[in-house]
Amino acid sequence: MSESNGTVRIGVYVCHCGTNIAGIVDVKALTHYAAGLPNVAVSRDYKYMCSDPGQDLIRQDIRDQHLNRIVVASCSPHLHEATFRNATRAGGLNPFFVQMVNIREHDSWVHTNHAEATLKALDMVRAAVRRVAHHEALEKARVSIRPEALVVGGGIAGIHAALTMANAGKHVYLVEREPTIGGHMAQFDKTFPTLDCSACILTPKMSAVKNHPNITLWTYSDVTAIEGYVGNYNVTITRRPRYVREDLCVGCLECLEGCVYKQAKVPDEFNMGLSKRRPIYIPFPQAVPQTPVIDPETCIQFKSGKCKKTCIEVCGDRHAIDLYMEPRTEHIEVGTVVLATGFQTYDARRSPYYGYGTYPNVYTALEIERLVNASGPTGGEVVLRTGGHPKSVGIIHCVGSRDENTNRWCSRVCCMYSLKLAHLLKEHTGAEVFNFYIDMRTPGKGFEEFYQKLLSERVHFIRGRVAEVTDASLHSSEEGRLVIRVEDTLAGFVRRIPVDMVVLATGLEPRADAQEVRRLFNITCSNEGFFLERHPKLAPVQTFTDGIFLAGCCQGPKDIPDTVAQAGAAAAEALALMDAGCVETEPNTAYVMEEACCGCKTCISVCPYHAISFVDEKQVSAINPVLCKGCGTCVAACPSATIRQHLFEDEQIFAEIEGILEYA
Amino acid sequence: MERRLKLQKEAEPEWARRISEHPGCEGIFSCLQCGACSGTCPLSIYMDFGPRRIIALVREGFRTAALSSETIWLCASCYACAVHCPRQIHVTDIMYTLKREAIEAKLYPRRLPIPVLAQEFYRAVRSRGKNAEFWVVLRMAVKSNPLILLSMIHTGWALLRTGRLSLHSEHADGIAEIKRYLDMREVA
Amino acid sequence: MPEEYEPKIVAFFCNWCTYLAADLAGTSRIKYAPSTRVIRVMCSGRVDPQFVLDAFAKGADGVLIGGCHPGDCHYQEGNYKALRRFRLLQRLLCQMGIEEERVRLEWISAAEGDRVRAVIDEMTAQLKSLGPARRSHAEAA
Amino acid sequence: MAAYCYYPGCSLRGTGIAYEESLLAVFKLLHLPIEELRDWNCCGATSYMSIDEGSACVLSARNLALARQLHYRDIVAPCSACYLVLRKTQDYVQRYPRIGRRVEESLGAGRLHVLNEVRVRHPLEVLHTDVGLAKIKARVLRQWPGGKVACYYGCQMVRPYADGDPDHNPVRMDELMHAAGVSTVDFPLKTRCCGGTLTGTMPPVGIRLNEILLAEAHHRGAEAMVTVCPLCQYNLDAYQSELRHRSKTFAEMPVFFFTQVLGWALGGDPARLGLKRAISGRRQIAQWFPKQRAEAAAHV
């Protein structure tokens, strides 16, 4: 190859990106200018450099023009660096002789003045031309990938991802925080738009998880630490004590009846507090695992130590109840991670004008899911908190969505689940149902048809954001009821509509601990607080940390079909990595010029990966390239400038600085 | 029968843009038309358009319709809409801006005493530095709708009897200075 | 072209947060002053004080270093190292007569495209009011 | 202790004179030094804003600058409109350069920042926060002779510059009433607008708004309403006889300033609390505060 000797011959390729770049930057002038820069042998512009003919230009020129350096002025290296490296390799040149110039995201898309944008592009290309001359041939290192996967979160996303990978023969650890898997989907009554029973389609999958030989399920557990890197993550999981041993419990549930509390007294989380449970409980009848859990906050024995412990009596010689259970720590090694930690619903108390928490007959949508459910707290009978059945119901959309004062985003599922609840409430009670919406969003298979069905069921649709729910009446017809005040924006006047029940379609938001989880897994959140995907279109389930994938609502609100599809995609990406068995890593590691090292050990203290050790015999530092992640902090910290970094050599960066400022 | 067709040539998009540059009016183009403002407003039920439709008129540039509306004058500046708006649009400030524009363009509805009151108040404060409730209200009534006076006799008497109505109009001591301040023109 | 003084800022953006934020500003079509030229580094911890001195010596009017928010560093704590180094550097530059507004360290996460605009626009305005950097001081370094 | 700077605004010298009387009495009873701002001028209120925004801010700014010049830290504005306009001016001169320039032109260059060095306070907040509920409770000397009251906060004091009390459901006045031994009713319309000047300009509309408020207060079991704003008090107070003429079921009730209630509880001289300035509910007032009792009480 020509790279090691002889003169530097650079090819510069300026991409138009249609009009994305060419509309602002004068690409002809840029190409012409680049041609005149030192060492530039070829300078070309092309409509789409990333297209096959564009890449062919590079391949062809490497061969025909004996190029040994390539500069591509186009988009972000995060998008197409791999593309142009591959093209370079295909042309017979080491792929690390490429430097990209980001004249789209960093130039044409953010500036409006043609002259200034072009000037900036000239500077950037000049810097790259200077830099690339200092590039060297590098080889990618290979890291092996362990065939085990970790799935965090046991809602429908986590369940589907775990089953997919387990079915492909990989061992999967599924970690769930709650005492059961199932997530929010287990709480839903029916699913839109088909009105399948949510439990009927979910519980078989939950059982499949339990029975799958390739799945280790840890519920009531948290991931507390993760170290390592793609293919080789060391994960620590803390399993909280449920005080009932999963290995000994047979799931007879006699202990529940045996509890000294003959009346259940504790608000039932699964039923959104609409029913009570005992201190020893299982969240719902189909819970997986079928092992009860004791809540130490409410158990008399834990609170006072003076309980008759009838649960233990009932359990008898099965000895499954162990009040001295301690938290257990598990250490596992996995190659990939799928995060499926889900969402939380908006706290309706944050919108006090809708009266949630003030007026008993104001409900959240999730409460209604339980209320209409046949196995719910009322057996599916819609009974008001104040007693009786509602004759009219108002469903308020966009509570905690599309609102700068609370959450800005559209939660995507509320229109459809509100339609579903409208249908179910009408079906269960025959009540008159009013929907109050800002915009009706039904973009999905069968969704618009469902909307039509609801219209034909004579459900009222009033376009307007509700101003308030009040019990202050203006007329005898309103007395003792809740009045919804809203501008009917289509009819063009303000209306007061008395109802017996108000349902708040609360939005979806990131979990309260999303930021901690993000830090734990070293990934990023979007402004809203949902986990950020690597690329919104081209890498929607990847993160910026290799080997960690996203599934479900932790990445943004979505409905069940989309969640399952995304979970499948995340599983497939993880499987692709694990099946390949190894991955190439960026050769941007640091290395020590032994002969110049003064042995001061400054570098050792700054390395977060313990990749640097001190070689006593030689009195110098040495860097383990497998552990080095390529941050370059030690390079900057080294007082004798003896540590260097591949791909980010000092000369390369100095050349870039000089290139930028040459004509300044 | 009123003809309710609007031709696009009647729209003044440049005016809309100019309005959006006034303090508090930045939000007109991000309005969702959700109606939270009109629903919250205690006075929208008396208005010809209500705040939501006023925003719709303004951002589409229907200047005359917006400025000659009664809606903007019925706004009592209670700020309920501004606090409730999911786009945090300062609806009250938009109303103020439109009131000023309407007075400047002399498009405000003449029968309405509210703009008259505003102007009388403005004059009183300009000349005395303080408001004189009695005289301002009296002049407003005389200029707009003297019949209002009839309805006021009773209240006026009650106020006078309880010592709450001052016929004397107070001056601020620094009135000369205040006048000088107010006469300064805005620097470009 | 108008003869208004246009400052030139050399920016060192970390690969994982600020560079991505600048990419996001692009995909969101956020507009900002064309004063900045970005050099990509893997981590703000890689920014050697010499790079900054060199930039001033070669005629930069300002240097902007962008890293992940504290606690969010892709490399755990490289940004803390950057911060410590930055404080020393700022003192050194001050002694050399380079105003402290000319060098900035900002934490900008990958989601904060608009913050890229805000920081660059603000810094550009400040540099405009300061006028061109006195190169001689930096050369003396 | 630095004195509070008292900014009466025009209404407290007219229709709201009872507010001034009772406010000053309460401050005196609590030994809070308060001095009237020398040479104050009108804040501009909503009407001036409707004609000329820049000048409206100039008017307010002059008061703030005067207060600062006299080294006051807190300017107490009892009228909700004054309170809002002063705060809005502080906000706008910062937020909008155009307004800042207009104000600076009048005040003199470089003096804009002084406007925000004065804190604009509502007396409700001063009594609730600076004095505190415990202290007020400890100083209560008289039992409230009337029944339950409905606390009505109105609009401009709670929106948009609420200063700590939640704008949808403010509670400070209710808590002060409880501290003074007065029971309050749950009043859902506590921040619904009274219509402001509409009672004068569009009487049917303005009076209807007040009718809704009064009827709801009555419906909730209140025997009186308590207010924090001279305009609210006037609107609720002045048109009740008209409402009574229109509807047989309408029940007249007194409308107090919160400082009148506090002044009574703290043992103030009833003659100096402006109780006689009420237009409506005079029968109840005469019954609750009979002459002898008032005189006897004055010597507590």
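Note that the structure is predicted; figures quoted are calculated from it, not measured. Numbered from 1 within each chain, the chains take letters A, B, ... in sequence-line order. As a basis for the values below, the full set of heavy atoms in this structure was taken, side chains included, without hydrogen atoms, waters or symmetry mates.
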inquiry  = Between E21(B) and R18(B), is the salt bridge (charged side-chain N to carboxylate O under 4.0 Å, His left out) condition met? List the steps.
reply    = CA-CA 5 Å; E21(B) 287 169 0; R18(B) 198 166 59 69; over 6 Å; no
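Here G44(D) is the residue among G154(D), G274(D), G16(D), G44(D) with the most heavy-atom pairs under 4.5 Å with chain B. In terms of non-hydrogen atom pairs under 4.5 Å with chain B, the most contact-rich of R13(D), E53(D), K276(D) is E53(D). Highest contact tally toward chain B, considering only V158(D), T197(D), L84(D), T191(D), is held by L84(D) [criterion: heavy-atom pairs under 4.5 Å]. Interface remark: of the candidates P160(D), G196(D), A238(D), C193(D), P160(D) forms the most heavy-atom pairs closer than 4.5 Å to chain B. The candidate with the highest count of non-hydrogen atom pairs below 4.5 Å against chain B, out of S50(D), G14(D), S47(D), C10(D), is S50(D). Put simply, of I279(D), I51(D), D167(D), L107(D), the one with the most heavy-atom pairs under 4.5 Å next to chain B is I51(D).
With a threshold of 4.5 angstrom between heavy atoms, R192(D) approaches chain B through side-chain atoms but not through N, CA, C or O. Interface remark: S241(D) contributes side-chain atoms only to the contact with chain B (heavy atom separation under 4.5 Å). The contact between M49(D) and chain B is made by backbone and side chain atoms together, counting heavy-atom distances below 4.5 Å. The contact between L43(B) and chain D is made entirely by side chain atoms (from C-beta outward), counting heavy-atom distances below 4.5 Å. Neither the backbone nor the side chain of A81(D) comes within contact range of chain B, judged by heavy atoms closer than 4.5 Å. Of the atoms belonging to Y234(D), heavy atoms from both backbone and side chain fall under 4.5 Å from chain B.
Surrounding CH2 of W15(B) are more than 12 heavy atoms belonging to other residues, nucleotides or ligands, all under 6.0 Å away. Counting non-hydrogen atoms of neighbouring residues, nucleotides and ligands closer than 6.0 angstrom, the CZ atom of R283(D) reaches no more than 12 such neighbours.
Shown are E36(D), E20(D), E35(D); of these, the side-chain hydrogen bond (donor to acceptor under 3.5 Å, both in side chains) with Y6(D) is made only by E20(D).
Using cut-offs of 30° and 60° on the angle between ring planes, the pair Y48(D) and Y122(B) is tilted.
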